[in-house]
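To start, the structure itself, in structure tokens.
Since the structure is predicted, the reported quantities are computational estimates derived from the model, not experimental observations. A, B, ... follow the sequence lines: proteins, then strands. Residue 1 opens every chain.
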Protein chains: 2
Amino acid sequence: MQAASNIHSLERQLAHGTIGFAPLFMRQTIETAQSGTTIFFEGDAACHVFRIVRGNVRICRFLSDGRRLIIGFLGAGDLVGLSFRNRYMFAGEAIDEVSFSRMNKRTLEEELQLVPELRLQLLSQLRDEISAAQDHMLLLSHKNAEQRVCTFLLHRLERNEGRDGRTISLPMVRTDIADHLGMTIETVSRTLTKLVAKGILLPAEKHQFKVVNRSALARAADEDPDDDSEDADSGARYAGTRYQ
Amino acid sequence: MQAASNIHSLERQLAHGTIGFAPLFMRQTIETAQSGTTIFFEGDAACHVFRIVRGNVRICRFLSDGRRLIIGFLGAGDLVGLSFRNRYMFAGEAIDEVSFSRMNKRTLEEELQLVPELRLQLLSQLRDEISAAQDHMLLLSHKNAEQRVCTFLLHRLERNEGRDGRTISLPMVRTDIADHLGMTIETVSRTLTKLVAKGILLPAEKHQFKVVNRSALARAADEDPDDDSEDADSGARYAGTRYQ
DNA sequence: CGGGCCCTTGAAGGCCCTCAACGGAGGTGG
DNA sequence: CCACCTCCGTTGAGGGCCTTCAAGGGCCCG
């Protein structure tokens, strides 16, 4: 019941077609992980599939020299582990206090044999993961710092959609964002500062921003900013077309 | 029978677990596509799944401004289209003369309902795609030009493994490599020149290189080249540990 | 209050991109 | 057969974007 208490999480599950798995996890006990702890390790035997009930999780891969790539961030209602063969290909770490339940992979596979509907959900989930990975490859290969940050902010905005439609929640630290977008924390920070100066964002509470100009944010996320004059004092430029 | 005639293709299929699909495609007619032509378009209704019999195919996604990302390259024995929902998320273009067969997606789905073994093969294929996409994100986010090119060359080498173990075939043009690795053609060219100067590669026939020093190539692919002195005259440095 | 973590801001430098020119290979037509 | 064109690959010069290095401030907690 706990999972269904969050209407936005429910919407996301319906959209992603993972609602079919939810009843299976309802029978499992709920565990908690403290901020900064690891829920599963890269390279471990992949015995379980996880479902996040509350909190935020980062999905990490490491290079041999210690550098890190964050594949993505998970929130309430998200599943992780369906794409593993024998070993976890990445680690899952709690960003804040996380509640989750786990399910034995063998049990899940038996269910998959019995329920055709579940198989379709699984396919849908995997295809979403592939699609998301390809979108992210596009970001990493061709987008500049501002486009990366704006794309990321839009994704976070859509994820939180339903509150007031213009609040972005960033529970992760700058290092996480940097390792997700293939940048340094300094460049992330500078880019956010620039977006505030441009009048697109407004700093709100800790780990939150307000979106002042959503269309400008969307434009900055996808288009080439060649025509930008790059002046800090041009912050009022977008004020006339304020969103909403 | 044509597909089984290539022993390397067969090995790859066994490793990737896609051999189960091959018999289904044997019943289909074989089509050909000339170099440069498009086999399926991004955005089109995804009615078919394709299987490459001969030749090379590039998988492309485009940004709004015309820039291009090449997700990957396919060769004999490879399948494409299993990860689509309703529309092709990317285009498939023939690099050289390509033979392929196609299969109606509806037919495939009926087979999937009947044959549990096929379902496992499908899952395996999708997990491989996710894994490859994540590896590529790592490349795009954290590797420099030399590491990118070396990683790509190693992949090509493994793909052609069995010939003589040290010949790399690059049927695609520089623009394709650049759009795959998130670089410009100039940087790709310069990096290849540098690898030749370092004594790691040797230019061979058109669209081919010989690997002189495979361990150096592997090291350059994954490690941070901070300790490199970057001198062209240091080309003999690796000669003492020549591979094979 | 001190220390650690997080974030921001500044200055300098490097890596890669952009722009440009050139040479070779392959195809076509005079 | 060769001139001509196009495509492809290479090489050079210059500049821009982002990284690296460094310093400082805010916040939290022991």
Using atom CD of A:Glu146 as one end and atom P of D:dG16 as the other, report the distance to the nearest whole Å. 17 Å

Students often mix this up, so state it plainly: with edges at 30° and 60°, are the rings of B:Phe90 and B:Phe40 parallel, tilted or perpendicular? tilted

Mind calculating the distance between CG (A:Leu170) and C1' (C:dT8) to the nearest angstrom? 16 Å

side-chain contact (heavy atoms from CB on, under 4.5 Å), that's the test. Do A:Thr167 and A:Phe209 meet it? Break it down for me. CA-CA 6 Å; A:Thr167 299; A:Phe209 283 94; over 6 Å; no

Using a cut-off of 4.0 Å between protein heavy atoms and nucleotide atoms, how would you tag nucleotides 5-13 of chain D 5' to 3' with B, S and -? ----SBBBB

Please state how far atom NE2 in B:His142 lies from atom P in D:dT19, giving the value in whole angstrom units. 10 Å

Closest nucleotide among D:dT19, C:dC17, D:dC18 to the A:Thr184 side chain: D:dT19

Hey, could you give me each pair passing ring pair (Phe, Tyr, Trp, His ring centres under 6.0 Å) that has a residue in residues 169-191 of chain B? Not counting sequence neighbours. B:Phe73-B:His180, B:His136-B:His180, B:Phe152-B:His180

Just call it for B:Gly36: base, sugar-phosphate, or nothing, with non-hydrogen atoms closer than 4.0 Å on any strand. nothing

Round to a whole Å and report the spacing from CG of A:Leu201 to P of C:dC7. 16 Å

Tell me: CE of A:Met183 to P of C:dC15, nearest whole Å? 19 Å

Does this structure show an ion pair linking A:Arg67 with A:Asp179, if we count only N-O contacts that are shorter than 4.0 Å? no

Give the rounded distance in Å between these two atoms: NZ of A:Lys194 and P of C:dT8. 15 Å

Report the distance from atom CG of A:Leu181 to atom P of D:dT19, rounded to the nearest whole Å. 11 Å

CG of A:Leu140 to CG of B:Leu69: how many Å apart, nearest 0.5 Å? 9.5 Å

Could you note down all residue pairs passing salt bridge (Lys or Arg N to Asp or Glu O under 4.0 Å) where residues 87-97 of chain B supplies at least one of them, sequence neighbours left out? B:Arg58-B:Glu93

